[in-house]
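Indexing begins at 1, ligand by ligand and atom by atom, following the structure's order.
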Amino acid sequence: MRKPVIAGNWKMYKTLSQAVDTALALKPLVANANHCDVVIAPVFTAIKTVADRLEGSNIRVAGQDCSTETEEGAHTGEVMASMLRDVGARHVIVGHSERRQFYSETDETVNKKTHAGIKSGLTVIMCVGETLDQREQGSAESVVSQQLSGGLSGLTASDLDRIIVAYEPVWAIGTGRTATPEQAQEMHAFIRRVFAERHSAAAAEALRILYGGSVKPDNIEGLMKQADIDGALVGGASLKAESFAEIVNYRR
Ligand code: 13P
């Protein structure tokens with residue numbers, strides 16, 4: 001059985017005190033959520049304090065990105081995966097579509113970041129997803145397949161235990177236009193098939209695949225009923241403790 005993961009990506013929102021307030025408000029609301037792993041990803045500057053304040057709770061903290069570099073050095077503005085681990089992060093998101101779109105990240109960059117995260121003992125949440133144009137042209141599957149093989153290139157069988165894939169169709173992010181549970185399921189099943197072909201049936205069976213894109217308290221239940229949807233990566237609705245907790249505590 002795959003344990004679901006409900007992760008909140010706070011993107012570039014919240015000062016340190018707002019991040020701490022939200023995390024502390026969330027803590028009692030999800031304290032009984034043993035059915036899933038709960039993860040929040042604040043901005044870099046809040047990770048240490050939020051992680052400290054959540055110590056002993058069932059909420060894990062993630063970085064939203066990390067450097068491709070794995071040795072300290074002259075890389076102004078970069079943060080290494082091992083530095084995230086050092087301040088209490090246990091996960092890192094890589095390859096988010098906003099990074100691909102606005103910061104020109106390629107599959108090669110994403111692959112380096114994936115390796116960096118794994119090397120540092122982090123669980124990597126690697127994002128894939130097609131744009132609206134790509135979907136309309138009928139190339140959604142080939143785009144996602146390419147992102148998967150590029151992003152996961154060179155990983156060993158044991159590395160795969162530390163990988164979570166998040167399918168986030170770009171057209172559903174922040175638009176209020178979520179993929180239907182059936183559309184999401186179709187792509188998740190495809191991702192699992194690709195994973196089985198590239199790696200192994202066992203690794204594919206164990207792989208947790210999250211859906212992201214306008215996940216809200218009122219659509220999580222339908223998404224989670226799908227056989228290949230193993231959780232959610234939530235943006236906007238994760239910013240408020242109450243709505244994120246409703247998503248975590250979806251009706252099962
Ligand atoms: P929204 O939930 O705001 O659509 O964002 C999704 C997302 O990008 C999570 O990483």
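- Checked against the 6.0 Å centroid threshold, His35 and Tyr250 count as a close aromatic pair.
- Thr180 pairs by the side chain to side chain contact (heavy atoms under 4.5 Å, CB included) definition with Glu182, Gln183, not counting sequence neighbours.
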Could you list each nitrogen or oxygen of ligand 1 that sits under 3.5 Å from a protein nitrogen or oxygen, with the atom names and the distance?
unit_1   : atom_1 : unit_2 : atom_2 : d
ligand 1 : 2 (O)  : Ser214 : N      : 3.4
ligand 1 : 2 (O)  : Gly235 : N      : 2.9
ligand 1 : 3 (O)  : Gly236 : N      : 2.8
ligand 1 : 4 (O)  : Gly174 : N      : 2.6
ligand 1 : 4 (O)  : Ser214 : N      : 2.8
ligand 1 : 5 (O)  : Lys11  : NZ     : 3.3
ligand 1 : 8 (O)  : Lys11  : NZ     : 2.8
ligand 1 : 8 (O)  : His96  : NE2    : 2.8
ligand 1 : 8 (O)  : Glu168 : OE1    : 3.4
ligand 1 : 10 (O) : Asn9   : ND2    : 3.0
ligand 1 : 10 (O) : His96  : NE2    : 2.9
ligand 1 : 10 (O) : Glu168 : OE1    : 3.2
ligand 1 : 10 (O) : Glu168 : OE2    : 3.0

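- Checked for salt-bridge contact, Glu221 and Lys225 meet the test: a charged N lies under 4.0 Å from a carboxylate O.
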Contacts under 3.5 angstrom, residues 203-212 side chains, donor-acceptor by atom type, not counting sequence neighbours:
unit_1 : atom_1 : unit_2 : atom_2 : d
Glu205 : OE2    : Arg2   : NH1    : 3.4
Arg208 : NH1    : Lys3   : O      : 3.0
Arg208 : NH1    : Asp37  : OD2    : 2.9
Tyr211 : OH     : Thr178 : OG1    : 3.2
Tyr211 : OH     : Ala179 : N      : 3.0
Tyr211 : OH     : Gly213 : O      : 2.9

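- Under the 4.0 Å criterion applied to side-chain N and carboxylate O atoms, Lys216 and Glu246 are not assigned as salt-bridge partners.
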Donor-acceptor pairs under 3.5 Å, side chain of residues 121-133 to any protein atom, not counting sequence neighbours: which ones?
unit_1 : atom_1 : unit_2 : atom_2 : d
Glu130 : OE1    : Tyr167 : OH     : 2.9
Glu130 : OE2    : Arg135 : NE     : 2.7
Glu130 : OE2    : Arg135 : NH2    : 3.2
Glu130 : OE2    : Tyr167 : OH     : 3.0
Glu130 : OE2    : Trp171 : NE1    : 3.0
Thr131 : OG1    : Gln134 : N      : 3.2
Thr131 : OG1    : Gln134 : OE1    : 3.2

